[in-house]
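Let me begin by presenting the structure, written as structure tokens, before commenting on it.
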Amino acid sequence: MSANQTTSTAVGNLLEVRDLKKYFPIHKGILSRHVGDVKAVDGLNFDLARQETLSLVGESGCGKTTAGRTLLRLYDPTAGSAIYRPEPDSDGIDLFQLSQGEMRPYRRDLQIIFQDPYGSLNPRITVGNTIGEALTVHGVVTGSEMNDRVEQLLERVGMRAEVSNRYPHEFSGGQRQRIGIARALALNPKLIVCDEAVSALDVSIQAQVINLLKDLQDEFGLSYIFIAHDLSVVRYLSDRVAVMYLGRIVEIGTTAEIFSNAQHPYTQALLSAIPIPDPRRRASHIPLTGDVPSPINPPKGCHFAARCLVAEARCRDEYPAMRGPEGGHQAACHLI
Amino acid sequence: MASEYLHEPKHLNLKKDSDQPLLELKSLQTHFFSDEGTARAVDGVSYKILPGETLGVVGESGSGKSVTALSIMQLVPQPPGKIVGGEILFKGQSLLGMSEDEMRKIRGNEIAMIFQEPMTALNPVFTVGDQIVETVRVHRGLDKEEARAHAISMLEKVGIPSPETRVDEYPHQLSGGMRQRVMIAIAMSCDPSLLIADEPTTALDVTIQAQILDLIRGLQEEEGMSVLLITHDLAVIAEVAHHVAVMYAGKVVEYATVFELFDSPAHPYSLGLFRSLPDLAGPNEPLATIPGMVPPATRFPSGCRFHPRCSIATDLCKTDEPILGFLNGTDGRTVACHHIDEAAKL
């Protein structure tokens, strides 16, 4: 285990992610030669404090979902480290150095909620067993104790205890998402990755689930990594926001810093595209022309340069380093 | 009043109620019959679309907004669905009385439709050019070369770069935003007077959504066509609509100009939708929610269908269904609520 312990000086953070990379290899031909990689996530750095909500935002294909799944070891990371500290004073453990077996005790702490509550619940298993399965697998409770715990969880997410004998198809989308949340909560996790968890819900139901997520965070001291494309939800829920473009974070800061004082031209364009629910303030969009470059052969300079309205020669030659105070508002742009 | 619109439709005159609407629905009812009972998906929907305007129809899943649009096109799968009552008047003509042949001439030619998921609406084994060419040859009788030239000019019009090469590409070679542009090009290729757009940007990234909404708005201003835009997103409505119909449980509960609705939503359901928006809540302030959920179309409640979720419902609301009545002091604004005065104090 000693190899997994670190001497990092920063204490208190739940998670410290450094240089996280996830490449998906491309194989071609009858010999399945390795001809290249899709660099879905290409060097992420961020910290996550206890009880903090950090949102990963960006367009489809920016790597935000891959990043969340790799953190939980649902994908094997290509490189990097994720130092996890269960308690503020505990030694950091690099999740990426653990074998799947060694990872197992930590899985209780690290849960995920998916976008599609239809696809993520087994249609042949009752709601009670879906939630209870995690409890038995991890040997937390048994028998009648399990039923009590399941009923308690269902009530906590706003469902009646009797529903535990019913099947997923009997519920609406919002109810299924509540079941997904109850399942994630079952093992008293410390971190929940919410992967587009409210995106498929209608606005009145979405508001109910958002309130629930916030209440649970206060009650159980949860940290969230919130992956979403709906920026008005992100603004409401997040403490900090990381904007991703082509596998990398281009800007990170508090919610106020990002939404009121965006530095990176991509963040500015992204924010300008959000429709405003006020017919007298129709948004003036910063046009984004051209396509996102290929993640197989990203350009050597700034990935955004080809679409950037203010790009200069050096933007095309040299990838910009993150600028700004360590742990504060940072952006990767030569021109700030 | 009309000058408030940043994107003023050419033919829209909000003052004149005598304007003949391009499309008018009168108490339209579309039901679905199955073993589990009758789903009254659309159950007495009335709204109108004026020439050159965008009507936004907003509602949650199960409100009947998409089935209404399919009913206009007469594309409701039958069985199990059936239009069981009401009228659809297009340019003063009843669409429901038409034969399938007559309807085919309306569809695509006069009324075109685009959907949420362009990949499933496009045929994967034909090039995008073939799909536009087919449309204009069927409806316009152009010969092959004219049709191809038309296809290229349509692709150019919807902002597809290098249309001469793109015309020979297949749908899978295009990004989601480009596919939706192709769908719009097909829809616009016969110069329709009404474009029905059913959640056209829901599957797209916010940056692409902005481009597609700009495109629809621009085309509308150029061509003077009307647009029926169906969405669950009030912010999208604010961006493009002139009038708005709010739907709940198979009915229109409120119809107003976009300014009237956003300034002071009158129906308790409309108000609930606005208050659920995270945009309007302060930080650390819980979002207002509408308790409960949309009832299934097989089991709509009696009386006002919103009453089980409404904070000001009375016994009257449980038994008597409110009709869509004109709101005093407005020009054509209608609301279906027994307690409009109490709702105004919410």
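- Residues B:Thr289 and A:Asn211 have side chains in contact (heavy-atom distance under 4.5 Å, counting atoms from C-beta outward).
- Contact tally against chain A (heavy-atom pairs below 4.5 Å) for B:Gly159, B:Ala235, B:Gly177: the top residue is B:Ala235.
- The two residues A:Asp202 and B:His232 have their closest heavy-atom pair at OD1-CB, 4.5 Å.
- A distance of 8.0 Å separates CG in B:Leu287 from CG in A:Leu237, rounded to the nearest 0.5 Å.
- Contacts of B:Glu285 with chain A are made by backbone atoms alone, with heavy-atom separations under 4.5 Å and no side-chain atom involved.
- Looking only at heavy-atom pairs under 4.5 Å with chain B, the residue among A:Gly174, A:Ala207, A:Ser172 that has the most is A:Ala207.
- Annotation: side chain of A:His285 is not in contact with side chain of B:Leu213 (no heavy-atom distance under 4.5 Å).
- For B:Val294, no part lies under 4.5 angstrom from a heavy atom of chain A.
- When heavy atoms are compared at a cutoff of 4.5 Å, B:Arg309 approaches chain A solely by way of its side chain, counted from C-beta outward.
- Top candidate by heavy-atom pairs under 4.5 Å with chain A, chosen from B:Ala288, B:Pro278, B:Gly62, is B:Pro278.
- Between the CD atom in B:Glu239 and the CZ atom in A:Arg281 there is a gap of 10.5 Å [rounded to 0.5 Å].
- Contact check for B:Asp263 versus A:Arg280: side-chain heavy atoms found under the 4.5 Å cut-off.
- Contacts of residues 239-264 of chain A with chain B at a heavy-atom distance below 4.5 Å are absent; not one residue qualifies.
- Rounding to the nearest 0.5 Å places CD1 of A:Ile286 at 12.0 Å from OG1 of B:Thr207.
- Of the two parts of B:Pro291, only the backbone, made up of N, CA, C and O, holds a non-hydrogen atom closer than 4.5 Å to a non-hydrogen atom of chain A.
- Here the shortest heavy-atom pairing between B:Val236 and A:Pro275 reads N-CB, 4.3 Å.
- The only member of B:Ile208, B:Asp205, B:Leu204 that meets side-chain contact (heavy atoms from CB on, under 4.5 Å) when paired with A:Ser60 is B:Asp205.
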Exercise for the section: Tell me, with the steps shown, if A:Val203 and B:Leu277 meet side chain to side chain contact (heavy atoms under 4.5 Å, CB included). Expected result: CA-CA 7 Å; A:Val203 55; B:Leu277 290 178; 4.0 Å; yes
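- A:Ser204 places none of its side-chain heavy atoms less than 4.5 Å from the side chain of B:Met293.
- For a residue to count as touching a neighbouring chain, one of its non-hydrogen atoms must lie under 4.5 Å from one of that chain's; by this rule A:Ile210 touches chain B with the side chain only.
- Atom CG of residue B:Asp279 and atom CG of residue A:Asp230 lie 7.5 Å apart, to the nearest 0.5 angstrom.
- In this structure, A:Asp278 and B:Phe262 have side chains that are not in contact, with every pair of non-hydrogen atoms separated by 4.5 Å or more.
- In plain terms, the two heavy atoms of B:Gly292 and A:Gln208 that are nearest each other are O-NE2, 3.2 Å.
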